[in-house]
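Comments concern the structure below.
Chain identifiers are assigned alphabetically (A, B, ...) following the order of the sequence lines, protein sequences preceding nucleic acid strands; residue numbering begins at 1 within each chain.
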Protein chains: 2
Amino acid sequence: MTNASATVRERIRQLHAELTRSERKFANALLENYPAAGLASITLAASNAEVSTPTVARMVQKLGYRGYPQFQQALLEELQATGSGPTQRRANWVAEAPEAHLLNRFAKAATQNIERTFSNIDSRQFDAAAQLLAQQAGMLYIVGGRISSALALYAFTHFQAIRSHVVHMTSSSATWPHYVLDMAEGDTLLLFDVRRYETNLLRLAKQASERGVRIILITDQWASPVASVADHSFQCWIEIPSAWDSNSATMMLLEALIAATQEVCWPETKDRYERLENLFDMTRLFKQSPS
Amino acid sequence: MTNASATVRERIRQLHAELTRSERKFANALLENYPAAGLASITLAASNAEVSTPTVARMVQKLGYRGYPQFQQALLEELQATGSGPTQRRANWVAEAPEAHLLNRFAKAATQNIERTFSNIDSRQFDAAAQLLAQQAGMLYIVGGRISSALALYAFTHFQAIRSHVVHMTSSSATWPHYVLDMAEGDTLLLFDVRRYETNLLRLAKQASERGVRIILITDQWASPVASVADHSFQCWIEIPSAWDSNSATMMLLEALIAATQEVCWPETKDRYERLENLFDMTRLFKQSPS
DNA sequence: CGAAAAATGTCAATAATTTTCCAAAGCATT
DNA sequence: AATGCTTTGGAAAATTATTGACATTTTTCG
C-alpha cells in the first residue's frame, strides 16, 4: 500500500521490485533527472526514456496516481515544497536525511578526497602510465597489500579483459620470488601500497626495479617508500573521519587508468572483448544444460 | 533582441520594461516560484497568477518562444541536473589538462554516477542494513559475481576487522552449497550483483531466503533480479562512456555501509581493531627476523 | 524446448490543452 | 470629456496529450 504523502521517489523505491523492465527504464530515467524528466508531457517523457507512452501511463497508475497529470501535479508540489530553485536543491547528498547523517558526512569526506586526488594528478604522468600499461609486448604484473589486494584484484580483472600477459600476484608473499625470477626488461609492475606500508612490497619493488621492470605505484597521500623506485606514482587522498581509510578515490583513479589504457589499446581490445563475451556466454550454457 | 541561449529569468529581466501590467503580474508570480509556477498547464499557471490564459500565451511569445510548450521546455532544460549538484560545479577536475582529456571526462562521468547513487539512497533502508550488518549473533556471508568479486573481497577485508563471524564465499559457485547448508535464520547475506547478472547468484539468494537469511543486495541502476528476494537493496549508477562499467559509486556506497556498521558496532570494534593491529605487528616481526 | 502468461508497443478514440479571434474594458492624449 | 489606441479576457477552433483496447513480442515456468 503506497503511502498517500510519500514522494514520487519514495514510491518508486517501494514498488521497485514490482516494476517491469520498461517501467524500470522509465523509473531510472526519472531518478537520473529528477524531477525534470517527469514534468514534460507524457509523450516526451516516454520517448526520452525510450519506452512507449502507455508504459508510462500504466506505471504512474501503479505508483498510485489516477493518471499522468496527477503524477505531474505531485512532482510539481514536491518541487515547490523544496522552496528555492535547482541551484539550492542539493546542499545535502541524501536530501531527505539531515546533514549530520552518516551518509552525508561520509559523502562529503569522500568527495573531498576525490577532489584532492584528481586535482593533484599530473596528466603527463598519467598518460605515460597508460602507455606503459598498454604495452602488450611485456608482462603486466599486478600486486597489492593487505587492504589494497581487493583493488589489485579489481585491476587484474579489468586489465585481463583489455590486454594479454597480465599476472595477478596473490597477496601471499611466499609466491612472489617465482614471479620475480621471470621478470625482465619491458615488463610493467602495477603496485598498490597504502598506509601500513608493507616492507614486503618495498623489497619486491626494489628487486623488480633492478631487473629493469617499470613500476607504476598507486599509493596514499603520504606516499609509500616504494615511490623512490617507482617510475610513475600516484597519490590518492584516503582520510575520512574514521579508524580506517577510504579507498573510493583510489578506486576512481584506478578506473581512470583502466579507461585510459583501454583507449590506448583499442581496437585490439574490442576484438578481445567480443571473444570474452562469447566465452562467458558459453560458460552460461554449460551451466544451464544440466539443470 | 533576446539572446537565444538566455534563461527565462534573464529574458524576463531584459524585457521587463516592455511588459504590460498583467504580463508583469505573471512574470512576478513566475519569479517568486521559479520555475515551478511555469511548469503547470497554461490555464493553471495563469489562474495562479490571477491573469487570463491569453495573457500568458502572448507573453511567452514576447519572450521569444513559439508557444507555451516551448517556453515550458526551456524551463525544464534549465532544471535539468547538469551543473546543479555538489560535485558538478567543478568544470575541470584536472585543471592543467584540457576539458576533453580522458581524466576530466572520466571524472565527470564518475562523479555524476556518485551523485545519482547517493541522492537515491533511502536513508532508512541504509540504517536498517547497517543494523543487520552489525548483528554479530548471526553469520555474515559475503559473495559477489565475476566483476564484483573484488568488491566482495574489499567488503570482507573490512567487515572481518569490524566484527566476528564473517565468511567470504569465493566466486567459484561450486563451493556454495556447503555454505547454504549451514545458513540459518538470523544470518545475513551481503550480495553484490551488477550487470551481466549471474543466475547462480539468484539461485543462491533464493535458497538463502528460504532458510530465513536476511539479504542485502548491492546492485546497479537496472537492479539485478535478486532484488525481488532481497530485504534491502541499493542501486548504484555505473554507466560511463566505455565498454565496461564503473564501480566507483558502488565502492563509495560500500564504504559508507562499512562506516555505518562500524559506528553501530563501536566500541566492540575498537577493542577488535587494537587486537588486530597487535597481531599484524607480530606478523611483521616474524617476517623481519629471518632477514 | 514449448506452452502459457505477462509485458510491451501500435493505433484510435477521447479528453485536455493551447491558440486564435474578437469584443469589451482600460488608459492616455487632446 | 471624448476619441483612439492598447490591453485584457471570454469563447471557440485547432492542436496536442492521454488513455483504453488489441495484437505482437518477450519472458517465465513446467
Determine, for [X] against [Y], whether the closest basic-nitrogen to carboxylate-oxygen distance falls under 4.0 angstrom.
X      : Y      : result
A:K62  : A:E23  : yes
B:R105 : A:E263 : yes
B:D231 : B:R214 : yes

Rounded to the nearest angstrom, tell me the gap between atom [atom1] in [X] and atom [atom2] in [N].
X     : N      : atom1 : atom2 : value
A:R24 : D:dT26 : CZ    : P     : 19 Å
A:E23 : D:dT26 : CD    : P     : 18 Å
A:E50 : C:dA7  : CD    : C1'   : 18 Å
A:M59 : C:dG9  : CE    : P     : 14 Å
A:K62 : D:dT19 : NZ    : P     : 16 Å
A:E18 : C:dA7  : CD    : P     : 11 Å

B:T55 side chain near D:dT8 phosphate (N/O to OP1/OP2, under 4.0 Å): no
Phosphate-side-chain proximity, A:T20 and C:dT8, N/O vs OP1/OP2 below 4.0 Å: yes
A:R13, CZ: over 12 other non-hydrogen atoms inside 6.0 angstrom: yes
Geometric cation-pi criterion A:R11 and A:Y65, 6.0 Å radius, 45° cone: yes
Plane angle bin for B:F156 and B:H168 - parallel if under 30°, tilted between 30 and 60°, otherwise perpendicular: parallel
Let me check something: any side-chain donor-acceptor pairs from residues 42-53 of chain A under 3.5 Å, sequence neighbours excluded? List them with distances.
residue	atom	partner	partner atom	Å
A:S47	OG	A:L44	O	3.3
A:N48	ND2	A:L44	O	3.4
A:S52	OG	A:T55	OG1	3.0

Write down the protein N/O and nucleotide N/O pairs, taken from nucleotides 18-28 of chain C, whose separation is under 3.5 Å; answer none if there are no such pairs.
residue	atom	partner	partner atom	Å
C:dT18	OP2	B:I42	N	2.6
C:dT19	OP1	B:Y68	N	3.0
C:dT19	OP2	B:Y68	N	3.2
C:dC27	OP1	B:R21	NH2	3.3

A:H101 side chain to B:D127 side chain, donor-acceptor N/O pair below 3.5 angstrom: yes
Nearest-0.5 Å distance, OG of residue B:S246 to CD1 of residue B:I114: 7.5 Å
Bending between helix ends of the helix from C:dC1-D:dG30 to C:dT30-D:dA1 [5 pairs per end, 10° resolution]: 40°
